[in-house]
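Accompanying notes for the structure given below.
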2 protein chains.
Amino acid sequence: MSGLSIGQVAERTGLSVHTLRFYEREGLLAQPVRRGAAGHRIYDEGDVDWLGVCIRLRASGMPLTDIRRYTELVRAGQGNEAERLEVLREHRERVLAQRHELDECLKLITHKVDIYESRLGLRDHVPDCAPLSQESEPG
Amino acid sequence: MSGLSIGQVAERTGLSVHTLRFYEREGLLAQPVRRGAAGHRIYDEGDVDWLGVCIRLRASGMPLTDIRRYTELVRAGQGNEAERLEVLREHRERVLAQRHELDECLKLITHKVDIYESRLGLRDHVPDCAPLSQESEPG
DNA sequence: GTAGGATCTAGAGTGCGCTCTAAGGCAAAC
DNA sequence: GTTTGCCTTAGAGCGCACTCTAGATCCTAC
């Protein structure tokens with residue numbers, strides 16, 4: 001019951017088997033994956049958990065090199081917590097900036113959606129301050 | 001006073017002149033850019049505004065092909081507002097999903113930051129529910 | 001015993017979004 | 001008149017993160 005094949009891990013994580021091998025080559029796994037009789041990879045729950053972290057870091061835009069760096073710190077063991085913290089804090093700042101940017105985009109998009117909805121009569125009331133958007137000119 | 005060189009537009013938008021030419025080739029501009037005596041591009045304020053929109057759409061992850069599609073609709077003029085609206089709504093959904101994902105990542109990162117800060121004695125109180133993170137194991 | 005399916009490796013290929021190069025034109029400054 | 005600097009084009013190159021291919025091995029089922 002202990003041990004997952006690469007296919008099973010792919011299924012659980014949503015990563016492809018290709019990507020799992022790729023991530024391992026890139027040094028993104030906390031430990032080298034255990035191997036079975038025929039040289040097949042055997043993952044444990046810890047690996048899956050760690051991959052979950054990697055996926056989240058990727059999803060928030062952390063480049064693979066940074067994830068590798070962080071992984072190396074973790075692998076090196078106790079004593080480098082300050083460095084780990086720095087990596088995380090820097091990334092958090094970037095994510096916050098990214099979210100702010102996203103919110104600005106959302107404002108713009110929602111503003112345009114509102115305009116088109118009222119133009120198309122999909123709203124009861126015309127939004128109060130929408131005279132002419134950029135898209136009116138070219139048309 | 002009317003008319004900006006590609007260099008000036010680059011400065012205003014933060015895009016490189018290379019990227020400006022690239023975007024034009026890719027059909028991201030509402031109109032073909034006016035040309036001066038020596039074949040030099042002359043942008044107007046409307047172009048800069050439109051580029052601002054493109055930049056925001058890009059920043060929120062809209063692929064160039066989708067931006068081109070939207071631009072084409074705008075260029076085609078009145079009568080396709082429903083299509084424009086659909087493009088915008090779909091993108092808004094994606095942006096919202098993206099922001100949600102970002103928030104999840106933020107939770108994870110902040111949780112780890114908290115752990116390391118208390119481990120390093122940078123906090124007055126240990127966060128109430130943080131026994132051992134994944135990173136404790138490998139170390 | 002052989003067919004199917006999962007796995008392995010090394011390495012090539014892909015898609016996206018730029019980014020840069022090379023070779024040249026024009027215009028103002030010195 | 002030549003240097004400087006910004007502009008032009010076509011097209012090549014790059015960085016990232018996968019993604020896939022080829023050729024081989026191994027196990028299970030029929």
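Everything quoted here is computed from the prediction, not taken from an experiment. Naming: A, B, ... by sequence-line order, numbering from 1 per chain.
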To the nearest angstrom, how far is [X] atom [atom1] from [N] atom [atom2]?
X       : N      : atom1 : atom2 : answer
A:His40 : D:dC27 : NE2   : P     : 8 Å
B:Ile42 : D:dT8  : CD1   : P     : 10 Å
B:Arg35 : D:dC7  : CZ    : C1'   : 10 Å
A:Met62 : D:dC16 : CE    : P     : 15 Å
A:Arg68 : D:dG15 : CZ    : P     : 15 Å

Chain A vs DNA chain C, heavy-atom contacts under 4.0 Å, first-to-last nucleotide span, 5' to 3', is C:dT7 to C:dG11
Check: [Y] main-chain N/O paired with [X] side-chain donor or acceptor under 3.5 Å:
X       : Y        : answer
A:Arg75 : A:Leu29  : yes
B:Arg92 : A:Ile109 : no
B:Arg68 : B:Glu26  : yes
B:Glu24 : B:Phe22  : no

What residues in residues 14-27 of chain A put a non-hydrogen atom under 4.0 Å from any atom of DNA chain D?
A:His18, A:Thr19, A:Phe22, A:Tyr23, A:Arg25
So does B:Arg41 pair up with B:Asp47, basic N to acidic O under 4.0 Å?
no
When you check the gap from the basic side-chain N to the acidic O, do B:Arg89 and A:Glu117 get nearer than 4.0 Å?
yes
Residues two or more places apart in sequence or in another chain: which of them pass salt bridge (Lys or Arg N to Asp or Glu O under 4.0 Å) with A:Asp44?
none
D:dC7, OP1 or OP2 - any side-chain N/O from B:Arg41 closer than 4.0 Å?
no
So OG1 of B:Thr65 and CZ of B:Arg69: to nearest 0.5 Å the spacing works out to 10.5 Å
Closer to the 5' end of DNA chain C via nearest nucleotide, is it B:Ala37 or B:Leu64?
B:Leu64
